[in-house]
Amino acid sequence: MDNLGVFLQIIFWGLYAGCIYILLATGLNLIFGVMKIVNFAHGEFLMVGAYITATIFFLTGINPYLIILLSMLVLIGIGAVVERFCFRPILGTGKLNEIFLSIGLIYIFQNGAAMVWGDSWQSVKSPYDGITVPVGSLFVPLDYILIMIFTAAILCGLYLFLKKTTIGMQMRATSQNRKGAMLVGINVERIDVISFGLGCALAAAAGTLWIVSGQVFNPYMGSIPAIKAFTIIILGGLGSIPGAIIGGLLMGLAENGAAFLLGGIWKDAISFVILIIVLVVRPTGLFGEKGE
Amino acid sequence: MHIKHNEMAKYGIIATLAIAIAIPFLIDSMFILNLLVLMLIFIIFASAWNLLAYSGQGSLGHAAFFGIGAYASTLIAAKSGLSPFITIFLGAAVAAFIGILIGLTCVRLKEWFLAMVTFGFAIIVQTLTVSVLAPVTGGWDGIASSRLLSPSIPGYQLIEYYAVLAITIASITAIWYIMKSRIGLAFLAIRENELEARAAGIDPVHYRLLAFALSAYLAGVAGALEIHHIGYLTPELYGVENSFWPVTYVILGGLGSLAGPVIGTIVLTIIWEGLKATGLTFGRYIIVGIMLILAIIFLPRGLVSLPEQVREWLKRRWKKDPLPETAGG
């Protein structure tokens with residue numbers, strides 16, 4: 001195997017992993033932008049989304065790429081409930097409370113999933129399993145390419161939603177100035193619910209794409225990707241969606257590079273090493289932050 | 001955290017101490033004694049976490065200090081042949097030193113960033129333990145740790161219980177002194193308003209680091225005690241579970257109060273073991289999660305404030321007061 005081949009392989013793995021992180025980080029950013037809260041339990045929504053897709057797939061055998069929309073819809077509902085009954089009562093009571101509340105959510109979702117679906121590792125076999133596409137000297141699984149296309153499509157859809165629809169514009173207004181938005185008659189609480197639901201739907205998309213690539217999953221799978229997504233938005237700037245996209249790709253590349261150079265065990269730790277180094281140099285994140 | 005009913009608190013403390021001392025004679029069960037020892041250890045751990053939160057810093061990776069104390073103490077004991085009763089405090093000193101190092105990166109960070117860095121730090125330490133440090137630490141398999149007392153001593157479990165109880169009382173007394181001293185006031189001032197604290201001549205960086213060092217030290221003591229009690233340690237000590245438990249105990253008991261971690265740990269341990277008896281596995285965590293969320297929303301000052309809250313609710317009901325009283329302090 002020549003060096004170039006290895007290099008390309010790492011790039012492709014990185015891009016693919018990056019897609020998952022981008023979706024997660026964008027969802028977190030959406031929620032942060034509008035509500036100014038950070039949900040540490042975001043990865044649990046990824047996990048639930050993955051399980052919903054897997055369950056429907058096991059029951060019906062429909063192409064898992066088609067289930068993605070359904071899974072996202074379910075997660076909008078779950079997200080709305082969580083926002084309404086957990087986060088809304090504590091809005092504005094201090095940032096530490098959000099962190100603690102997320103821990104409660106993590107307990108509930110992880111173990112709820114374990115009760116419903118069991119806690120063993122499972123996997124889904126993609127209908128395109130084993131099909132590869134030649135890219136230069138490399139054979140890339142078709143699934144990876146589909147995942148990148150789906151991620152791009154979802155992000156474009158989100159962009160159009162935020163730019164063109166009334167609700168999207170209301171969301172942007174709320175995120176820019178909450179009080180101002182209230183003054184012009186926007187129901188900010190409704191916008192909160194929608195943003196939280198959309199953020200969760202993006203996590204469900206990430207979860208679905210995660211498992212269709214053949215990755216194994218269990219109820220505890222969500223924490224680490226979510227924390228990495230969180231690292232990404234700290235690096236890329238809280239509330240900045242372009243920052244999340246660039247950060248997500250870089251994170252995917254960095255961790256796959258590190259796994260190759262230092263050994264697989266470092267795959268998770270490397271993102272935190274990067275995080276700590278960056279925060280030592282710049283305590284406000286790479287691109288600073290405008291919010292609080 | 002002023003105590004309104006000083007007398008009540010005093011009797012509460014005396015009663016708790018009396019029960020703690022008498023309980024091995026009341027309940028003749030090695031299983032429960034073992035459970036009590038672990039509970040005491042977690043009271044130290046939760047109190048350590050609470051001390052850091054008292055200065056406004058919420059850590060999500062306290063398992064790192066718990067584990068570092070455990071590993072350092074075990075290795076020092078194995079290399080030097082010293083008694084675990086001495087190495088516990090040496091191992092905790094290592095945890096405190098590393099706590100200062102990680103504190104250096106954290107002191108200027110905001111809540112979310114700090115939570116992230118501490119969470120990540122626990123993962124980094126775990127990774128280091130099973131990779132680079134594996135020749136010393138035994139990797140994922142772990143290593144044996146010398147027991148606090150040799151099981152050949154008759155009644156060693158009883159002596160161990162009282163030893164751990166003494167260390168717990170000493171730790172809580174130390175935290176009490178810290179909280180009511182100038183240092184504690186400085187922690188509070190920083191937590192409430194950093195700018196004003198600075199104007200009053202308090203150096204936030206200095207005091208935040210001190211909080212990190214003290215908290216890491218006590219967490220290290222707790223970790224070392226646990227593994228010398230169990231006699232074996234694995235990198236699982238650094239797991240998320242161990243980082244989240246102290247948070248759960250403290251939030252439920254009452255954040256920022258001295259009694260909070262103690263009450264939270266005792267209540268939750270009883271509930272936890274009670275639920276275990278009913279055969280629940282995953283359900284236990286769900287119940288704890290729901291309790292945690294309910295506490296955050298409806299009882300933000302924890303179980304410690306429950307009597308006060310109940311009194312207020314009753315008062316309002318009797319008076320049929322349509323307007324809620326403005327909360328003081």
Side-chain angles (χ1 to χ4, degrees), chain A residues 32 37-38 40-41 85-90 93-116 118-119 219-220 223-224 227-228 230-231 233-234 238 262-263 265-277 279-280 283-285 289 292, chain B residues 53 56-61 102 104-128 130-132 134 139-140 191 240 243-245 247-248 250-252 255 280-298 300:
Chain A
F32 178 81
I37 62 161
V38 168
F40 272 88
F85 294 105
C86 298
F87 281 103
R88 191 182 297 175
I90 61 147
T93 61
K95 290 164 189 160
L96 283 178
N97 271 352
E98 296 155 15
I99 299 172
F100 303 149
L101 192 113
S102 307
I103 293 179
L105 289 175
I106 290 173
Y107 281 141
I108 294 172
F109 275 101
Q110 285 188 349
N111 295 286
M115 267 174 105
V116 178
D119 65 345
Y220 312 105
S223 307
I224 296 288
I227 298 288
K228 282 184 193 159
F230 203 59
T231 308
I233 66 170
I234 288 178
L238 282 171
L262 301 169
I265 188 85
W266 279 93
K267 205 174 166 188
D268 291 336
I270 193 72
S271 51
F272 299 110
V273 175
I274 297 173
L275 175 76
I276 289 174
I277 292 170
L279 286 179
V280 167
T284 52
E289 93 201 66
E292 282 172 74
Chain B
Q57 307 180 95
S59 155
L60 285 188
I102 195 69
L104 277 173
T105 65
C106 285
V107 282
R108 288 178 302 159
L109 299 180
K110 295 184 174 144
E111 289 90 345
W112 299 317
F113 292 8
L114 190 140
M116 282 300 311
V117 168
T118 45
F119 184 95
F121 178 63
I123 293 182
I124 293 173
V125 175
Q126 190 179 46
T127 308
L128 284 172
V130 298
S131 60
V132 183
W140 280 114
R191 187 183 75 189
V240 177
S243 289
F244 283 3
W245 272 128
V247 187
T248 313
V250 173
I251 301 299
L252 206 69
L255 184 65
L280 282 171
T281 50
F282 303 122
R284 289 196 291 177
Y285 286 96
I286 297 177
I287 292 169
V288 169
I290 292 171
M291 278 168 44
L292 184 62
I293 291 177
L294 288 178
I296 293 167
I297 296 174
F298 296 107

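Computed from heavy atoms alone, side chains included, the values below leave out hydrogens, waters and symmetry copies.
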Select one option (side chain, backbone, both, neither) describing which atoms of [X] are under 4.5 Å from chain A's heavy atoms.
X	answer
B:Phe119	side chain
B:Ile102	side chain
B:Thr281	neither
B:Ile286	both
B:Val247	side chain

Tell me, out of [options], who's got the most heavy-atom pairs with chain A below 4.5 Å.
options	result
B:Pro300, B:Ser131, B:Gly120	B:Gly120
B:Val125, B:Leu114, B:Leu104, B:Ile123	B:Ile123
B:Val288, B:Ile251, B:Thr105	B:Ile251

What part of [X] is in contact with chain B, defined as an atom under 4.5 angstrom from a non-hydrogen atom: side chain, backbone, both or neither?
X	result
A:Ile106	side chain
A:Leu275	side chain
A:Ile270	neither
A:Ile103	both
A:Thr93	neither

